Every structure is written in structure tokens, then in C-alpha cells.
Amino acid sequence: MTITSPNLGSPSSAWTDARLLYALEEVVEKELNRHLKVAKDWMPHEYVPWSDGRNFPGFFEDGEAWDKEQSKVTEIGRIALVVNLLTEDNLPSYHHEIASLFGRDGAWGTWVHRWTAEEGRHGIVMRDYLLTSRAVDPDKLEAFRMAHMSEGFESDNRHSMLHSVAYVAFQELATRISHRNTGHQSGDPVCDRMLARIATDENLHMIFYRNLLKAAFELAPDLTMQAVRDVVVNFRMPGHGMPGFERFAAQMAIGEVYNLRIHHDDVLQPVLRFLKIMEIDGLGPEGRQAQDELGLFMGGLDAEAAKFDEKLAARKARMAARAGA
């Protein structure tokens, strides 16, 4: 007989999105209160080197056109900064997606709006930094923004509340790692400091969703295991639809901002270890199958990452030989 109320041990058929949202409301409130206690407000304008700014051509007669030599950041830094900012630019679409799925009322709604407000800072400070420091071509940046935002964003996981929670648990950590590594590779201490501040926010967002995902395992282990399996196997960064993303992603992989090894070791594994995903027992047939498939996928991904590591090491060796020739 199907249980019609969201109680521990309910069969998979009982767990609709609405029931899961209701059952997890208390956890959301607890995690929201924890987040508000540890999150620190910060001022985007304090991270921008305003004294470096000057006019661009246009309405100003003294405007100076952008030139690559004006940028303090490395080539890989410029590429990654553009990708990271364009990803942040799609915040209106992200807000629409999660507000439609999680709702605008109660603890869920409070979290959705708080998350959106915090993410808004990231786009503000990054754009101000890029334009003030002349790190990237402002005309190309705006053209990319218009093209990317005009396409909008539709989540791969909008069909399921559990899939969405699982996705953002990994995606927030992936974004944190991407920002942090971009700062390290940028060659500009000011940029590194700014992105470290953003990465701190992203880490707190990851913790919120990761803890929520853990609670979901306690309620609906089979469905949650299947959701995690699906998300991990089919994971894509939210910026995948931007113009030239595949080329940028390849350059960021070679530049060690984000690649298969980083994705496996620094994004997927930490969340899976925290959840003790391979130790969860008491699963039904579908849950056990998802668990087994997840384990096989992670093993295969590690092998792919090892191949990438070898190719990257060989590439570095060739470049070092050429430099020493």
C-alpha cells in the first residue's frame, strides 16, 4: 500500500516533489539559519582597483581603446574570467529555475532570494574589476554577455527536485574550484583576492545543498541515489551554452583551471565522501543499481583523468624543451 504522507521509509512511489519539498522544509530552515550565522557580508566595491580605471572610447573624448597589453592577467586568466563572469551573468535565469522548483514561500523561498542576492555580488565585483583593470576586451565581453543571456538557461534537472538539489551540491563546489583556480592562474594578486572572496561564498552554498542532499538520503534513499547517479554521470557546468564554451573549456583544462582530474578529485569525490555514498545500505533494487553504476562511473572517470594527466605532463615537457632550446 502506498503511504500518502512524507514519512521516513516511504516507498519511492510516495515521494512527489511537493512531498519532498514539504518534508525537507525543516532541514532547509535549519541550514538557512546556520548559513546566515556563518556568512559574512562584504562590499564588492572594496575589491575593485578603482584608481586603475580610465575612460573607454565613445562619449568621452579622452577615451582610450582597450589593448591586450593593458591587461595584468595571464591569457588563461582572461579566458577563465570571461567564462566565469558569463556564467554569473545568467543569474536571472538561474533564479527563475530554482524559484519555480523550490518555491518563493517559507524557508525555501527565503533561501532562494538570499542565494540570489549573494550570487548577484559575484557578477557585480567581477565586471567592475574586469573593466576597471582592463583585464579583458570590454566590447567582446558585452557581445558575449548579450549572446549568452539572449539564449537563456534551462536546467538539465528541472524535471526533478532531487536531481536539482544533487546538481547544485556538485555545481556550487565546481564553481568555487573554478573561481579559486582562476585566481591562482591569473597572475594578478588583486584578482586572486577577489576570486578568493567569491569562492568563500560558493563553498557555503555548496555546504547548504550538500547537507540538504544528505537529509534527502535519509528520507528517500533510493530516489536520491538515482538522482546523484544521474547528475554525476551527466554533469555539465551551467555555462555550457555560452558561445565558444567548448574551446574555452579545453583551454581552461590545459591551463589547470578546471579539467577531468580537478573535476574527479576536487568536486565529485569530496561530496561523495561526505555522503559516504558507497557505504549506504538498505537500498532497494533500483537504488543498489544506481549505487553500483555510480561506483563504476567514478572508476572510469578516474582512468580518463589519468590519461589526461599523462597528456598534460607530456605537453608541459614539450613546452619546457622548446623553451630551453
Side-chain angles (χ1 to χ4, degrees), residues 1-39 91-119 153-173 204-232 234-235 238 271-272 274-277 280-291 294:
M1 181 176 69
T2 299
I3 299 173
T4 57
S5 60
N7 291 316
L8 192 65
S10 295
S12 296
S13 58
W15 287 114
T16 63
D17 274 3
R19 286 173 177 157
L20 281 166
L21 286 166
Y22 174 79
L24 288 168
E25 177 92 19
E26 188 174 323
V27 180
V28 171
E29 183 175 6
K30 175 186 174 183
E31 289 302 316
L32 172 63
N33 290 334
R34 180 200 55 76
H35 177 84
L36 294 175
K37 286 181 180 179
V38 298
L91 182 60
S93 288
Y94 305 150
H95 175 84
H96 173 76
E97 290 281 320
I98 66 170
S100 298
L101 193 63
F102 297 154
R104 296 173 173 83
D105 301 318
W108 280 105
T110 302
W111 166 254
V112 166
H113 294 305
R114 173 72 189 199
W115 174 87
T116 302
E118 292 185 3
E119 289 287 345
F153 173 80
E154 186 172 297
S155 171
D156 295 333
N157 303 288
R158 66 186 313 185
H159 62 286
S160 161
M161 173 265 189
L162 275 179
H163 282 72
S164 295
V165 170
Y167 175 75
V168 289
F170 294 104
Q171 180 266 320
E172 293 284 0
L173 182 52
L204 291 178
H205 297 165
M206 178 276 293
I207 292 171
F208 177 94
Y209 287 119
R210 183 196 65 183
N211 292 352
L212 192 57
L213 189 59
K214 182 179 181 181
F217 265 111
E218 296 173 1
L219 288 171
D222 287 318
L223 286 178
T224 307
M225 185 66 76
Q226 292 172 72
V228 170
R229 183 267 320 272
D230 294 344
V231 164
V232 168
N234 300 300
F235 185 87
V271 176
L272 295 177
F274 175 84
L275 296 170
K276 298 181 179 178
I277 206 88
I280 295 174
D281 54 16
L283 298 167
E286 292 181 338
R288 287 196 299 273
Q289 180 181 347
Q291 188 180 46
L294 183 59

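Please read all numbers here as calculations on a predicted model, not as lab measurements.
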Describe, in one word, how the ring planes of W108 and F102 are oriented to each other, choosing from parallel (under 30°), tilted (30 to 60°) and perpendicular (over 60°).
-> tilted
With distance as the sole test, does R288 use its side chain to make a donor-acceptor pair with the main-chain N or O of L283 at under 3.5 Å?
-> yes
Hey, are the side chains of R104 and H113 touching, using non-hydrogen atoms and a 4.5 Å cut-off?
-> yes
Can you measure from CG (D17) to CG (L162) and round to the nearest 0.5 angstrom?
-> 7.0 Å
Heavy-atom closest contact (L219 atom, W15 atom, distance) = O-NE1, 3.6 Å
Are more than 12 heavy atoms from other residues, nucleotides or ligands located less than 6.0 Å from atom NE2 of H35?
-> yes
Does any N or O in the side chain of R19 come within less than 3.5 Å of the main-chain N or O of A14, such that one atom is a donor and the other an acceptor?
-> yes
Check whether any side-chain heavy atom of V27 sits under 4.5 Å from a side-chain heavy atom of N211, and report yes or no.
-> no
Under 3.5 Å donor-acceptor, Q226 side chain and D222 backbone = yes
At what distance, to the nearest 0.5 angstrom, does CG of L275 lie from CZ of F217?
-> 5.5 Å
Salt bridge (charged side-chain N to carboxylate O under 4.0 Å, His left out) between K214 and E218, intermediate numbers included | CA-CA 7 Å; K214 182 179 181 181; E218 296 173 1; 5.4 Å; no
Would you please name every residue forming a side-chain contact (heavy atoms from CB on, under 4.5 Å) with E29, sequence neighbours left out?
-> N33, A107
Rounded to the nearest 0.5 Å, the CG atom of L173 sits from the CZ atom of F274 at a distance of 12.5 Å
Inter-residue atom distance R229.CZ - H163.NE2, 0.5 Å rounding = 7.5 Å
How close do V112 and G103 get, heavy atom to heavy atom, and via which atoms?
-> CG2-O, 3.9 Å
Is any side-chain heavy atom of L24 less than 4.5 Å from a side-chain heavy atom of M161?
-> yes
Does the side chain of L212 reach to within under 4.5 Å of the side chain of F208, using non-hydrogen atoms?
-> yes
Decide yes or no for Y167 and N234: does some side-chain heavy atom of the first lie under 4.5 Å from some side-chain heavy atom of the second?
-> no
Evaluation steps, side-chain contact (heavy atoms from CB on, under 4.5 Å), between Y22 and T16 | CA-CA 10 Å; Y22 174 79; T16 63; over 6 Å; no
R114 side chain near L36 side chain, heavy-atom distance below 4.5 Å | yes
Quick one: does V228's side chain get under 4.5 Å of L272's, heavy atoms only?
-> yes
Do E119 and E172 have side chains that get closer than 4.5 Å, going by heavy atoms?
-> yes
Value for CZ (F170) from CE (M206), rounded to nearest 0.5 Å, stands at 10.5 Å
So, for A39 and E118, which heavy atoms are closest and what is the spacing to 0.1 Å?
-> CB-OE2, 4.1 Å
Can you name the nearest heavy-atom pair linking L101 to S160, along with the distance?
-> CD2-O, 3.9 Å
May I ask you to decide if I277's main-chain N or O and Q291's side chain share a donor-acceptor pair within less than 3.5 Å?
-> yes
A169 to L213 - nearest heavy-atom pair and separation | CB-CD2, 4.2 Å
Interatomic distance, CZ@R34 vs CG@L204, rounded to 0.5 Å, equals 7.0 Å
